Amino acid sequence: MIAFLLLTSLFTQAQKDFLNETTQDRDARMQWWRDATFGMFIHWGAYAVPAGEYKGKVVNGVGEWIMHTANIPIPEYEEYVRQFNPLQFDAKEWVRIAKDAGMKYIVITSKHHDGFSLWDSKVSNYDVMDASPFKRDILKELSDACKEAGIKMCFYHSIMDWHEPDAESKKEYTHQNAPNPDFARYREQFLKPQLKELVEKYDPAVLWFDGEWIPEWTEEQGRDLYNYLRNLKPDLVINNRVGKGRAGMQGMNLYKNAAGDFGTPEQEILEGTSDTDWESCMTMNDSWGFKKTDHNWKSAEILIHNLVDIAAKGGNYLLNVGPTAQGLIPVASVDRLREMGEWMKINNEAIYATNSTKKYKEGEVKYTVSKDGNFVYAIVTKAVSGELVLHNVDLKRGSNIYMLGANKPLKYKADASGSLHIEWPKDLPCKYAWTLKITGSPK
Ligand code: FHN
């Protein structure tokens, strides 16, 4: 152990310190992520087998927490792993559904709190190759399908682990009942080696950590892990749950210089714009993992309006699906993603690679600005009768105003104060929200 710690310290000294990266380097590294704006979150694993039910009863709460919520002993929970055999899993189909929805990256749970790994891990036997009958490397198949489709593959990874003995969290999560759990050993001989495997085998673009709230985890460990991973892959993007900076579900950092590259609001959207990068993650119903009794689906309209609101506030939207134990994305999710894709086909110019502006909204209108600063996109989220009046745009004199998806310029008058009175067209090219492309700048 002393030799090991000596080696680790030598290695730590040789590591480059990425926590003090220049803004220029950071901007270059984050640009693809900022431009992407819209991604798919996938919560999948053994918890899809019970699908929210235990001993014939529906268990309250999110499906992926059933082991803890129903206090299922490890040997019994491992029975779900022995039943995990998603023969209808088709990585290309999943990637197609995400891409056609307009999503640019996919974040899948490589390992959730239950400790079950969805790849061929040499560090753990509690993985899809050794512990389940499926014996296919799910992350390999998805990474290959993503590469082929030009979609960025990213991994969610839980620091909290309810299965690995040394990871036992004494305060609340004592599933392992391990005699002398050694969290430092879990970190150095399980967590880091598994992350090294993921980075070297599948080259993920983002590592999305979670479960950092356990008392055994500290900001200092988060900073060390951040540097360890960036030294393995310098252009890696890592969320702020690698450390302890996150302020609960609001998701933004409590203090300056917290480890991590972006804030992670959960099931909520920031009140306004932010100077720091952020990404709102959200379920389409009320559960991350598949729960067969949860039919409380948000409408496609709500989901599109969320995407517009988040883009206008300069954030990213990570929208979740919870596939079944057979390996299928629920039809209700597929239908809503298809509608989002139809909308994005016409309006994506106002979403991808745009900047936010201080006055990001007026009434039912949200604004984004083209990166070159030449165009303002006014995205109207409520149908208009007669004329729409906009006060927050300085129109370039003599230029036309277009609705994305329509060819003919719209009729408009500018009044003395420069406000635009725009005649609302009868035929609309899409549903739920409509984008006016205006040559000019925000006021
Ligand atoms: O406990 C997890 C939960 O299962 C889910 O993964 C979400 C997704 O962001 N995060 C945690 C709750 O904050």
Side-chain angles (χ1 to χ4, degrees), residues 38-52 54 59-72 77 80 103 105-118 154-164 167 169 171-173 175 191 204 206-217 222 237-254 258 260-270 277-291 294 296 298 303 306 310 315-323 333:
F38 189 30
M40 176 183 271
F41 213 172
I42 303 178
H43 277 71
W44 198 36
Y47 39 79
V49 173
Y54 180 55
V59 178
N60 289 337
V62 290
E64 72 281 1
W65 270 68
I66 194 166
M67 178 180 164
H68 184 74
T69 319
N71 200 13
I72 304 175
Y77 190 86
Y80 296 137
M103 294 161 152
Y105 59 105
I106 293 177
V107 181
I108 183 168
T109 50
S110 62
K111 185 196 81 166
H112 202 264
H113 308 330
D114 64 356
F116 177 55
S117 300
L118 294 189
C154 316
F155 297 140
Y156 166 111
H157 198 81
S158 178
I159 291 165
M160 176 167 70
D161 186 319
W162 300 331
H163 188 270
E164 186 58 23
S169 177
K171 191 152 161 280
E172 281 176 60
Y173 310 100
H175 296 275
L191 181 67
V206 175
L207 282 177
W208 210 100
F209 286 99
D210 202 11
E212 85 286 9
W213 55 81
I214 52 175
E216 289 80 8
W217 192 251
V237 172
I238 301 172
N239 73 345
N240 71 340
R241 299 186 189 190
V242 68
K244 303 286 272 194
R246 172 171 69 124
M249 299 304 255
Q250 190 271 355
M252 304 304 277
N253 291 338
L254 287 165
D261 298 314
F262 60 92
T264 52
E266 176 169 324
Q267 302 288 44
E268 57 185 82
I269 298 173
L270 287 194
D277 291 300
W278 60 282
E279 174 198 70
S280 172
C281 62
M282 199 179 284
T283 55
M284 294 173 90
N285 56 3
D286 297 327
S287 181
W288 301 94
F290 178 67
K291 186 169 181 177
D294 184 345
N296 186 24
K298 298 173 180 74
L303 297 172
N306 286 347
I310 290 168
N316 278 25
Y317 194 24
L318 189 66
L319 188 56
N320 185 75
V321 297
S333 300

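Reckoned from all heavy atoms, side chains included, excluding hydrogens, waters and symmetry mates. Numbering of ligands and ligand atoms starts at 1, following listing order. Since this is a predicted model, take the numbers as computed values, not measurements.
Atoms of ligand 1 lying under 4.0 Å from any heavy atom of Cys281, numbered from 1 in the order shown and given with element: 9 (O). Atoms of ligand 1 found under 4.0 Å from any heavy atom of Arg241, numbered from 1 in the order shown, are 9 (O), 10 (N), 13 (O). The ligand atoms of ligand 1 that sit less than 4.0 angstrom from a heavy atom of Tyr156 are 6 (O). Atoms of ligand 1 lying under 4.0 Å from at least one heavy atom of His112, given by number and element, are 3 (C), 4 (O), 5 (C), 6 (O). Atoms of ligand 1 lying under 4.0 Å from any heavy atom of Trp208, numbered from 1 in the order shown and given with element: 9 (O).
Checked against a 3.5 angstrom limit, the closest N/O atoms of His43 and ligand 1 fall inside it. Checked by distance only, ligand 1 and Trp213 stay at 3.5 Å or farther apart across all their nitrogen or oxygen atoms.
Between His113 and Trp65, the angle of the ring planes goes over 60°, which puts this pair in the perpendicular group of the 30/60° scheme. The aromatic rings of His112 and Tyr47 sit perpendicular, their planes meeting at an angle over 60°, well past the 30° parallel limit.
The stretch residues 279-288 participates, sequence neighbours left out, in no salt bridge (Lys or Arg N to Asp or Glu O under 4.0 Å) pair at all. Pairs passing the salt bridge (Lys or Arg N to Asp or Glu O under 4.0 Å) check and including a residue from residues 105-115, sequence neighbours excluded, read Lys111-Asp161.
Regarding atom 12 (C) of ligand 1, its nearest protein heavy-atom neighbour is Glu266 OE2, 3.2 Å. Among all protein heavy atoms, the one lying closest to atom 3 (C) of ligand 1 is Glu64 OE2, 3.4 Å. Ranking protein heavy atoms by distance to atom 10 (N) of ligand 1, first place goes to Asp210 OD2, 2.7 Å.
Using a cut-off of 4.0 Å between Lys/Arg side-chain N and Asp/Glu carboxylate O, Arg246 and Glu212 are scored as salt-bridged.
Each of Asn253, Asn240, Leu318 was evaluated against Thr264; a single residue qualifies, Asn240, per the side chain to side chain contact (heavy atoms under 4.5 Å, CB included) test.
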Test ring pair (Phe, Tyr, Trp, His ring centres under 6.0 Å) on His43 and Phe41; report intermediate values, then the result. CA-CA 7 Å; His43 277 71; Phe41 213 172; 4.7 Å; yes
